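Taking it in order: structure first as structure tokens, then the write-up.
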Protein chains: 2
Amino acid sequence: MLEARLTQASLFKKVVDAIKDLVQDCNFDCNDSGINLQAMDNSHVALVSMSLKTDAFASFRCDRNIALGINLGSLTKVLRAAGNDDVLSLKAEDAPDVVNIVFESSSQDRISEYDIKLMDIDQEHLGIPETDYAAMVTMPAAEFQRICRDLSALSESVAIEVSKEGVKFTCTGDIGSGSVQLRSNTNVENPKESIEIEMTEPVALTFSLKYLVNFCKASGLSDKVKLKLSAEVPLLVEYPLSEGTNSFLQFYLAPKIGDEE
Amino acid sequence: MLEARLTQASLFKKVVDAIKDLVQDCNFDCNDSGINLQAMDNSHVALVSMSLKTDAFASFRCDRNIALGINLGSLTKVLRAAGNDDVLSLKAEDAPDVVNIVFESSSQDRISEYDIKLMDIDQEHLGIPETDYAAMVTMPAAEFQRICRDLSALSESVAIEVSKEGVKFTCTGDIGSGSVQLRSNTNVENPKESIEIEMTEPVALTFSLKYLVNFCKASGLSDKVKLKLSAEVPLLVEYPLSEGTNSFLQFYLAPKIGDEE
DNA sequence: GCAAAGTTCA
DNA sequence: TGAACTTTGC
């Protein structure tokens, strides 16, 4: 059986919010290392990968591997009933029909309990190869969100170019063109604002802004986002979850081919 | 060529925000005295006139007269990408196809650059006659905005009556009637709150509230607004820009005839 | 704590 | 497309 307890329901709410527009139904794979999720988006262009390790939970117990096939729309409806500071518990039997979700308000005066019916979802196994990325950019999540939103006003796609000086986001559309250039910098006074670039070779790739804007819904989950790029390989957009637990929410997005100019 | 630099992108953002709902496309006329704009609104009831003198810029250079025909919708999209405290630069060639807009964040770690395509706009020349107004009211811009917003809940139009005692805004609608009366006063402790009236003869005119509410989007640009009125002549609503540079944003609105009761 | 902006729903 | 609600910045 599974019994997992999160002290902040908001973490789970935000994770589900960030992926529900990409994926309708998916398996939450539970085992003794935590809860994992991997799913392609409906058009098979993007891939979501989430991992909540046991340390991210206030308490965690899972004796056997359990796959909870959940409709994210239903889950969203239920999670809407949770206060952000509620304690959230997930419970399931070993061969479950339902997942049981309990919210306890911090004052403990209110306990809400929901059961969501599970579904069988074919586990299309997704081999994500380990990649040594040519370039890795760490930047404030809010800034990345801002850039994607700004540029999406001009174009459908954005070119991301990483060089040792910095990272440049460029796009061209009907009304004109735009570019945002960030210089790598270590802001000592305000480390949240730092922009870090690790690079073995320069990379320039083009991606759909619609998807990037979508990924950025996860910005509330983390101060920082990591962009990892290599030529001809999907971009990896990574948000760390629950600092120091190795938990993460990752999005992969295939580059647009032939548009890179 | 044109090369103009504003230390506060927010000034330009707010100016464009305040006029974009009145005018879709218009010429920014650049010459060695600064940047000027004049345009009728789409229904030819209101007129916008903006003048940014060279002193309003951190640096300004414009060798020849250049008319930049810009779609304000496109410009808004681009300006949305500017931080309020960014340094904004406008650049254009002598016979330009595009205007180049650069935002530099105060930390200088971020440089965004946009090109907006220009369009040819027929310069319908707008002769605005110099008028000696019968009455001139100077009041806090926020207060004028509040009054217009409040009264627009009741009616489509407002009567503005200026007498030597003060100014009175009156309207009548289906659910009832409303009026706001302001007495002229010089608030010595808080001069921003002063209401000043200069008058050669009493005036009472009626105007569309929809337009006035629209004009009030400029309230963020200035603490004060000046209302200038004369019988049978358009109302002039004036916001000074960049204190002490003679720059301004003006709106003219023709009175409603026969509605004055 | 309020106003403006964005997002979602009708 | 507009309106209401939520969210964010001042």
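On a predicted model such as this, the values are computed, not experimentally measured, just so you know. Chain naming here is simple, since letters A, B, ... match the order of the sequence lines and numbering starts at 1 in each.
- Among residues two or more places apart in sequence or in another chain, the salt bridge (Lys or Arg N to Asp or Glu O under 4.0 Å) test is passed with A:Arg146 by A:Asp150.
- With sequence neighbours left out, B:Tyr239 forms a ring-ring contact (aromatic ring centres under 6.0 Å, His included) with no residue at all.
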With sugar-phosphate taken as primed atoms, P, OP1 and OP2 and all else as base, the protein-contact string of nucleotides 4-10 of chain C at under 4.0 Å (heavy atoms; B, S, -) is S-SS---
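- Judged as a side-chain contact (heavy atoms from CB on, under 4.5 Å), and not counting sequence neighbours, the contacts of B:Pro234 are B:Tyr252.
- In this structure, the side-chain hydrogen bond (donor to acceptor under 3.5 Å, both in side chains) partners of A:Tyr211, at least two apart in sequence or on a different chain, are A:Asp41, A:Ser43.
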Under a 4.0 Å heavy-atom criterion, the protein footprint on nucleotides 4-10 of chain D, written with B, S and -, is -------
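- Residues meeting the side-chain contact (heavy atoms from CB on, under 4.5 Å) test with B:Asn42, sequence neighbours left out: B:Gln24.
- Among residues two or more places apart in sequence or in another chain, the side-chain contact (heavy atoms from CB on, under 4.5 Å) test is passed with B:Thr7 by B:Ala58.
- Qualifying side-chain contact (heavy atoms from CB on, under 4.5 Å) partners for A:Ser179, counting only residues two or more places apart in sequence or in other chains: A:Lys168, A:Thr170, B:Glu113.
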